[in-house]
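What follows is a set of notes on a single structure, which appears directly below.
Values below: all heavy atoms of this structure, side chains included; hydrogens, waters and symmetry mates excluded. Since we're looking at a predicted model, the values are computed, not measured.
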Amino acid sequence: MQTASTNIGERMGRSQELSDSKRGPVIGGHLGNKSIRDISWLLNIPRSTVSGIITKWKPLGTTATQPPSGRPRHMTGRGQRMLKRTVRRSRQLSAESIAKDLQTWCGLQMSPTTVCRELHGMGFHGRAAASKPSITKCNAKRRRCRGVKHAATGAENGTCLTALCQV
């Protein structure tokens, strides 16, 4: 019987994919009317893995690894890091100019729309900062007193009587 520490160490985390030589006995056991629990115990493979192999084998008739679905990504990790570096240096650049820069530096041919999409995925958005009036010392004092009830004086709503802010 295995100890708990070795069992947890074997089962925790993501492990590598099973080879075809280990998937074959799983299907053989299934065709021999063995239960998933029995196959798992005999081959020392987790029950979820055995179940996954069987459910993939039923519709496809093969245990070979299938190619991933979807279109491959246009930008590599290196291109994304370069894009992030470019945007951090100058936030004012347009998507067109960034696309041209990437073309000259890394040879990546991409449209400005793709650049925008990648930047949105990285958390960069084209937003302008809200314009704020210049806050003077007088305005700052007024803001502190507005709508606040002072415990010392009991005054409310801008009728502050403290020595710091005389409104």
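A continuous path of Ile, Leu, Val, Met, Phe, Trp and Tyr side chains, each step under 4.5 Å between heavy atoms, connects Trp105 with Val115, placing both in one hydrophobic cluster. Met82 is connected to Met122 through a chain of hydrophobic side-chain contacts under 4.5 Å among Ile, Leu, Val, Met, Phe, Trp and Tyr, so both are in one cluster.
Remark: Thr104 engages no residue in a side chain to side chain contact (heavy atoms under 4.5 Å, CB included) (not counting sequence neighbours). Residues forming a side chain to side chain donor-acceptor pair (under 3.5 Å) with Ser19 (at least two apart in sequence, or on another chain): Ser21. With sequence neighbours left out, Thr76 forms a side chain to side chain donor-acceptor pair (under 3.5 Å) with no residue at all. Taking Gln109 as the reference, Gln103 meet the side chain to side chain donor-acceptor pair (under 3.5 Å) condition, with sequence neighbours excluded. Considering only residues two or more places apart in sequence or on other chains, His74 meets the ring pair (Phe, Tyr, Trp, His ring centres under 6.0 Å) condition with none of them.
One finds the CD atom of Gln80 at 10.0 Å from the CG atom of Leu119 (value rounded to the nearest 0.5 Å). Within the model, atoms OG1 of Thr62 and CZ of Arg23 stand 8.5 Å from one another, a figure rounded to the nearest 0.5 Å.
Within the structure, every pair that satisfies the ring-ring contact (aromatic ring centres under 6.0 Å, His included) test and touches residues 106-131, not counting sequence neighbours, is listed here: His120-His125. For residues 67-88, the set of pairs meeting the salt bridge (Lys or Arg N to Asp or Glu O under 4.0 Å) definition, not counting sequence neighbours, comprises Arg73-Glu118. For the salt bridge (Lys or Arg N to Asp or Glu O under 4.0 Å) condition, no pair includes a residue of residues 96-111, sequence neighbours left out.
Here the shortest heavy-atom pairing between Lys22 and Ile45 reads O-CD1, 4.5 Å. Of all non-hydrogen atoms in Ser40 and Pro46, the two that sit nearest each other are OG-C, 3.7 Å.
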**OP:** Would you sort out whether Thr114 and Ser111 count as a side-chain contact (heavy atoms from CB on, under 4.5 Å), showing the intermediate values?
**Re:** CA-CA 5 Å; Thr114 307; Ser111 70; 3.0 Å; yes

Would you tabulate the side-chain donor-acceptor contacts of residues 29-36 under 3.5 Å, counting partners in other chains and residues two or more places apart, or write 'none'?
{"from": "Ser35", "atom 1": "OG", "to": "Asp38", "atom 2": "N", "distance (Å)": "3.1"}
{"from": "Ser35", "atom 1": "OG", "to": "Asp38", "atom 2": "OD2", "distance (Å)": "3.1"}

Sequence neighbours left out, cut at 3.5 Å: what donor-acceptor pairs do the side chains of residues 48-60 make with other protein atoms?
{"from": "Thr55", "atom 1": "OG1", "to": "Ser51", "atom 2": "O", "distance (Å)": "3.0"}
{"from": "Thr55", "atom 1": "OG1", "to": "Gly52", "atom 2": "O", "distance (Å)": "3.0"}

